[in-house]
Amino acid sequence: MDDKAIRKIVIVGGGTAGWMAAAPLAQLLGGHAHRPCEIVVVESPEIGTVGVGEATLPPIRYYNQTLGLDGADFVKKTQATFKLGIEFKDWGRLGHRFFHGFGDFGPQVHNRSSFLYWLRLAQTGEMPPYEDWSTATVMARQNRFTPPSGDVPSASNAYSFAFHFDAGLYAAYLRDYAMQRGVQRIEGTIVDVELRPEDGFVAAVKLRDGRRVDGDLFIDCSGFRALLIGGAMKSAYEDWSHWLPCNSAQAVPCARVEPLAPYTVSTARAAGWQWRIPLQHRTGNGHVYCSHFTTDDEAARVLLDSLDGEALDAPRQLRFTTGLRRESWVKNVVAVGLSSGFLEPLESTSIQLIMDAVGTLVQMFPDRDFRPGLAAEFNRKTAKQYESIRDFIILHYKLTERSDSEFWRHCAAMPIPDTLAHQIEVFRESGRIVILDRDSFAEPSWISMMFGLGLRPRAHDPFVELVDESALRTHLTRLREAIAGTVAAMPDHTRYIERHAKADPLPSGRPVAVAA
Ligand SMILES: Cc1cc2nc3c(=O)[nH]c(=O)nc-3n(C[C@H](O)[C@H](O)[C@H](O)COP(=O)(O)OP(=O)(O)OC[C@H]3O[C@@H](n4cnc5c(N)ncnc54)[C@H](O)[C@@H]3O)c2cc1C
């Protein structure tokens with residue numbers, strides 16, 4: 001058994017994906033003298049990283065906890081702020097805003113979301129907005145933050161949170177963690193990949209300076225270049241741009257503005273949308289757009305014209321194609337991060353997909369026999385999760401009522417995957433949410449987006465009628481008051497950071513990069 005164990009892992013790429021893969025593998029495989037496993041990360045100083053990727057989803061906390069990272073230290077070292085969700089402006093229709101908060105609409109009632117009970121009352125009379133039952137949303141409206149507490153479901157813990165952080169500082173933080181646990185870092189540019197003649201597995205990568213780095217398992221974290229998975233393994237790329245037409249972004253940092261919002265802002269623009277991500281040392285901004293409907297210059301102008309603070313650099317342009325590799329694991333190559341696929345950052349899902357890919361790799365970890373079932377399961381799970389997130393993102397565009405630009409008219413008219421059409425139809429008919437993949441967005445997220453974008457169910461769940469109407473009204477009123485009262489007693493987000501996780505100033509002379 002032992003002689004088949006993986007003895008050397010080569011991670012190609014030292015961006016967020018490379019170090020997010022290296023850190024847990026070092027934690028799990030390092031320090032076992034009876035079965036040593038070398039881990040090497042190869043990164044190219046000439047090529048650099050994509051330099052964006054600053055907003056995350058709540059499971060990042062469990063990733064950090066599993067590594068044993070100190071929460072406050074992590075926030076300080078990465079200039080992070082807390083994220084309760086995303087505010088959507090001008091999506092659905094111009095002048096309209098709504099919030100996609102992390103967490104449910106208050107504690108569930110008889111295993112059903114409080115939203116479904118709210119819907120029943122709202123369909124027969126006047127009700128305050130459903131967002132009043134989302135603790136995360138009420139907190140975000142008032143710029144308040146404190147972590148949820150207690151195990152018993154209540155107004156004070158029916159929410160979750162993630163982080164905004166500096167992507168370059170996060171990768172550096174994980175790099176230090178991994179290298180302290182024995183991971184070796186090799187600086188160099190890979191110019192060739194050597195395949196084993198007998199089976200086409202990767203034997204080694206060759207660097208420009210002549211060095212050869214061999215290994216048993218190769219994790220391709222080389223970003224959009226997809227050096228091993230696309231290059232050597234020739235795994236085809238499934239292009240989804242007919243459903244998600246945005247193919248470009250301009251990104252620029254600007255000076256920090258007050259108050260420090262505990263949420264991302266996503267503002268729809270004429271040919272795409274713009275992000276605003278508050279960090280402790282600056283605000284990250286970007287304009288994601290479709291180059292068929294606007295020019296790069298116009299996209300940069302729209303971005304620069306709508307910054308909250310002084311621009312700290314010139315906008316940097318990125319190009320991408322939304323889609324997924326047909327197979328992310330081929331032979332002894334496993335793709336993690338941008339090399340495996342890309343979904344635009346509208347719901348901050350890429351880092352989540354990295355975490356999940358690393359988790360699945362650990363679950364399906366091979367020995368040197370590389371039994372095909374392991375790769376098949378990895379590929380099945382990856383495809384399912386990507387497809388579900390893809391549908392969730394398409395929903396943001398498809399449900400628009402905007403017709404003020406060619407881009408939005410295109411989005412409203414475009415065909416969508418059958419899976420998404422089914423989800424929309426079930427919600428429209430009955431207010432019920434169909435969850436096609438448990439590793440993707442949960443019911444409250446789908447409700448926030450469907451309802452926020454203007455889709456109104458025609459009927460409601462008959463089970464919610466089992467509760468007496470006046471008892472239900474009293475329950476919802478009390479719950480709303482409890483949420484409002486709980487939030488009113490929470491500290492301001494900026495003050496919470498100052499007290500618990502204020503970052504040290506960056507060393508002077510550090511260049512202000514887009515995100516790295
Ligand atoms: C516009 C935009 C906004 C985004 N926003 C978010 C967000 O808010 N939230 C989120 O979760 N995700 C976001 N993402 C995605 C996120 O940036 C990536 O998932 C994340 O940075 C991981 O990138 P990566 O490590 O796969 O690739 P990269 O950062 O590109 O790293 C690639 C690495 O491979 C190395 N490399 C490449 N070629 C070679 C070679 N020949 N030899 C040696 N080394 C090589 C490079 O040196 C580098 O170290 C965004 C992406 C884009 C494009």
Side-chain angles (χ1 to χ4, degrees), residues 10-22 40-57 59-60 63 83 86 162-168 170-172 174-175 185-193 205-209 211 213 218-232 246-252 264 266 272-277 279 284-289 299 303 315-322 328 335-358 389 514-516:
V10 178
I11 299 175
V12 171
T16 306
W19 291 111
M20 282 189 83
V40 175
V41 173
V42 183
E43 59 181 322
S44 164
E46 294 161 28
I47 292 172
T49 64
V50 69
V52 277
E54 305 187 321
T56 59
L57 292 171
I60 186 89
Y63 173 89
K83 175 181 170 187
I86 305 176
F163 303 103
H164 304 118
F165 54 58
D166 181 315
Y170 185 56
L174 293 180
R175 183 187 62 210
R185 174 172 173 267
I186 297 180
E187 264 196 23
T189 301
I190 296 165
V191 290
D192 199 8
V193 181
V205 290
K206 290 184 179 163
L207 309 187
R208 195 190 304 288
D209 61 12
R211 280 177 292 171
V213 184
F218 289 79
I219 305 183
D220 185 349
C221 299
S222 63
F224 288 132
R225 282 180 175 75
L227 219 57
L228 303 185
I229 196 74
C246 287
N247 59 5
S248 307
Q250 305 268 347
V252 72
T264 304
S266 166
W273 61 278
Q274 185 173 331
W275 79 74
R276 178 187 182 277
I277 296 177
L279 304 178
N285 306 276
H287 184 183
V288 174
Y289 56 98
L303 176 65
R316 196 163 62 94
Q317 189 174 297
L318 297 117
R319 295 266 190 243
F320 50 80
T321 305
T322 295
S328 292
V336 174
L338 299 175
S339 59
S340 70
F342 184 67
L343 290 163
E344 59 169 274
L346 189 47
E347 288 284 352
S348 328
T349 43
S350 282
I351 291 172
Q352 175 74 39
L353 286 162
I354 293 171
M355 273 168 43
D356 290 336
V358 174
I389 295 174
V514 167

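Order of listing sets the numbers, starting from 1, for every ligand and every atom in it. Worth saying up front: this structure is predicted, and the values here are computed from it rather than measured. One is the number of the first residue; the rest follow in order along the sequence.
The CZ atom of Phe165 sits 5.5 Å away from the OG1 atom of Thr56 when rounded to the nearest 0.5 Å. Atom CD of Gln352 and atom CG of Leu343 lie 12.0 Å apart (nearest 0.5 Å).
Distances shorter than 4.0 angstrom occur between a heavy atom of Gly188 and an atom of ligand 1.
Of the possible donor and acceptor atoms, none in the side chain of Ser222 sits under 3.5 Å from a partner among the backbone N and O of Arg225. In this structure, Ser248 contributes its side chain and Arg319 its backbone to no donor-acceptor pair below 3.5 Å. Side-chain atoms of Ser348 do not come within 3.5 Å of backbone N or O of Leu57 as any donor-acceptor pair. Between the side chain of Asn247 and the main chain of Thr321, no donor-acceptor pair closer than 3.5 Å is present. Judged by distance alone, with hydrogens and angles left aside, the side-chain atoms of His287 form a donor-acceptor pair with the main-chain N or O of Ala299 at under 3.5 Å. Under the 3.5 Å distance criterion, the side-chain polar atoms of Lys83 are left unmatched by any main-chain donor or acceptor of Ala55.
Under the ring pair (Phe, Tyr, Trp, His ring centres under 6.0 Å) criterion, Tyr63 pairs with no residue, sequence neighbours left out. Applying the salt bridge (Lys or Arg N to Asp or Glu O under 4.0 Å) criterion to Arg185, with sequence neighbours excluded, gives Glu43, Glu187.
Under 4.0 Å from ligand 1, the heavy atoms of Leu227 that appear belong solely to its side chain. Counting heavy atoms closer than 4.0 Å to ligand 1, residue Ser350 contributes atoms from both its backbone and its side chain. When heavy-atom distances to ligand 1 are checked against a 4.0 Å cut-off, Pro345 comes that close only through its side chain, counted from C-beta outward. Counting heavy atoms closer than 4.0 Å to ligand 1, residue Glu54 contributes backbone atoms (N, CA, C, O) but none from C-beta onward.
When the heavy-atom distances from atom 18 (C) of ligand 1 to Ile351, Leu338, Val193, Ile47 are ranked, the shortest goes to Leu338. Between Pro45, Gly48, Ala21, Gly51, it is Gly48 that holds the heavy atom closest to atom 48 (C) of ligand 1. The closest heavy-atom contact to atom 44 (N) of ligand 1, among the options Ser44, Cys246, Ser339, comes from Ser44. Here the shortest heavy-atom distance to atom 29 (O) of ligand 1, taken over Val50, Leu318, Leu353, belongs to Val50. Nearest-residue assignment for atom 21 (O) of ligand 1 (options Val205, Val52, Ile277; heavy-atom criterion): Val52. Of the candidates Thr56, Ile186, Val12, Ile354, Ile354 brings a heavy atom nearest to atom 22 (C) of ligand 1. Between Gly337, Gly223, Cys221, it is Cys221 that holds the heavy atom closest to atom 33 (C) of ligand 1.
Atom 41 (N) of ligand 1 has Ile190 O, 3.2 Å as its closest protein atom, hydrogens excluded (heavy atom only). The protein heavy atom nearest to atom 53 (C) of ligand 1 is Phe342 CZ, 3.6 Å. For atom 20 (C) of ligand 1, the closest heavy atom belonging to the protein is Thr16 CB, 3.8 Å.
For Gly14, a nitrogen or oxygen atom sits less than 3.5 Å from a nitrogen or oxygen atom of ligand 1, counting backbone and side chain alike. For ligand 1, the polar-atom distance check against Ala17 finds a nitrogen or oxygen pair separated by under 3.5 Å.
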